[in-house]
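In what follows, a structure is listed as structure tokens, so that the remarks can point back to it.
Atoms within a ligand are numbered from 1 in the order they appear, just like the ligands themselves.
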Amino acid sequence: MSNKKNTSSGFNSSFGAIMAAAGSAVGLGNIWRFPYICGKYGGGAFLIVYFFFVFFIGMVLMMSEFIIGRRTRLTPGRAYSALRPQHPNWRFVGLFGLLTCFLILAIYLIISGWTLGYFWESLTGILSKIPDEGFADHFKFFASLPLRPVIFTVIFLLFCVFVILGGVEKGIERVSKLLMPILVVLLVILCVRSLTLPGASEGVAYLFQADFTKLGSEGVLAALGQALFSLSVGMGVMIVYGSYLPVDDNILKSSMWITLCDLLIAILSGLAIFPAVFACGQTPAEGPGLVYQVLPVVFNSLGTVGRLFSIFFFLLLVLAALTSAISLLEALTAFLHEKGMQRSTAAVLVSSLAILLSVVASFSFGNGILSSFHIAGLSIFELLDKLTGAVLPPVCALLTIIFFGWFMKKEDIRDELSNHGTIKIGWFNVFYYFLARFVAPIALIIVLVTGLL
Ligand code: PHE
């Protein structure tokens, strides 16, 4: 079962693998979602809980998924049943994860379409001509147009398909190695500009000052959902990327680098956004309101520099979204490919279905034609957002970690952590195994039960 696959059909180097997995992790979740969730639930108070979840649950899951993937060289579903042939029902955990991937991909496509549209509008100067009070209407108008956002989504998706068809090493790994450093450079430039604006310190305080009264059990569940979403764990993407890992990759070390990179980029994003928002006398809003209505006002108030700032920011968001969407598409494509479908057919099929769902969901947004259609009191867009943000990943993560900690053979885990006995198993590995068996599942159960009730 183990390591049958020739490494040429996987990542070529550990560095490439780290870049690809970090590319999956760093996405809209870091740049758009993290800063406002952090501010909303009490800044520093949220951060403390978030750190705990990232290192004690998220990173544990990343390690577990990598191990499951590399051990079997299979996609979620078959990977579980290969490790536990006597209990084939475990494969449903993998399939459940893939369903979550599909829903996330649909949401991702909508937002990426808007973002690409805004990038285009800042490049062509359309955004800079809109008066401050016009941005809310502009966004509503743009998002409810039947065709325009869809065209941008299709362009975005075509690029993803193109990369996937290039293959794991020549497509995904190569693009990630190129895009991730560009993303970091863009982000650092934005941070420096934002932090040097007069009055920036208020934004820094908003992000870091601890206010425990704003946290509550809702904030704790949000922190867990965000930690899993941001690290792309709990839905099997990292099982697929794990199946591409080189045999000599040190799994725990790579998981740590990816986690640190993801966390750092989330914090830098907050430092790029909030100081500028406060310095320009705006109030931080949530989600789409922040990115498409408040930030353009901030950019416009900064004159010519603001125009550049705006181009850089939307480009940054598009690039971050790209490598994440690629990983989602890859997980689903690899799954169908394993079932015997050609990679190209699989990629096109998944893309078409995802675009269909994303168009339906985007019609339910704002004043769209489906906005009055509600399920459990939520529009389709809101329902998808809620399911993929706070409900499905924690449930899937819990099942994954129980499988890893209690049902997977210890020898298999030891063999993967030590790279077949070529590296020493130190206290750090033992500690992480302990977290996987006891701390992570118990913490997940507590947060899920209290948060969902
Ligand atoms: N981690 C990505 C982000 O933060 C989202 C994602 C989730 C990507 C799950 C792949 C799988 O935006």
- request: Look at atom CZ of R174 and say whether more than 12 heavy atoms of other residues, nucleotides or ligands are closer to it than 6.0 Å.
  value: no
- prompt: When you look at CZ of F162, are more than 12 heavy atoms from neighbouring residues, nucleotides or ligands closer to it than 6.0 Å?
  reply: no
- [ ] Return yes when atom NZ of K253 has more than 12 non-hydrogen atoms of other residues, nucleotides or ligands closer than 6.0 Å, and no otherwise.
- [x] no
The side chain to side chain donor-acceptor pair (under 3.5 Å) partner of T75 among E330, E338, H337 is E338
For residues 392-408, tabulate all N or O donor-acceptor pairs below 3.5 Å that involve a side-chain atom, not counting sequence neighbours.
{"unit_1": "T400", "atom_1": "OG1", "unit_2": "Y80", "atom_2": "OH", "d": "3.3"}
{"unit_1": "T400", "atom_1": "OG1", "unit_2": "C396", "atom_2": "O", "d": "2.7"}
{"unit_1": "W406", "atom_1": "NE1", "unit_2": "R437", "atom_2": "O", "d": "3.0"}

Look only at the side chain of S324 and the backbone of V26, and say whether a donor-acceptor pair between them is shorter than 3.5 Å.
yes
Give every pair made of an N or O atom of ligand 1 and a protein N or O atom lying under 3.5 Å apart, one pair per line with both atom names and the distance to 0.1 Å, or write 'none'.
{"unit_1": "ligand 1", "atom_1": "1 (N)", "unit_2": "S24", "atom_2": "O", "d": "3.2"}
{"unit_1": "ligand 1", "atom_1": "1 (N)", "unit_2": "A25", "atom_2": "O", "d": "2.9"}
{"unit_1": "ligand 1", "atom_1": "1 (N)", "unit_2": "F229", "atom_2": "O", "d": "2.7"}
{"unit_1": "ligand 1", "atom_1": "1 (N)", "unit_2": "S230", "atom_2": "O", "d": "3.1"}
{"unit_1": "ligand 1", "atom_1": "1 (N)", "unit_2": "S232", "atom_2": "OG", "d": "2.9"}
{"unit_1": "ligand 1", "atom_1": "4 (O)", "unit_2": "A25", "atom_2": "O", "d": "3.0"}
{"unit_1": "ligand 1", "atom_1": "4 (O)", "unit_2": "G29", "atom_2": "N", "d": "3.4"}
{"unit_1": "ligand 1", "atom_1": "4 (O)", "unit_2": "N30", "atom_2": "OD1", "d": "3.3"}
{"unit_1": "ligand 1", "atom_1": "12 (O)", "unit_2": "L28", "atom_2": "N", "d": "3.1"}
{"unit_1": "ligand 1", "atom_1": "12 (O)", "unit_2": "G29", "atom_2": "N", "d": "2.8"}
{"unit_1": "ligand 1", "atom_1": "12 (O)", "unit_2": "Y108", "atom_2": "OH", "d": "2.4"}

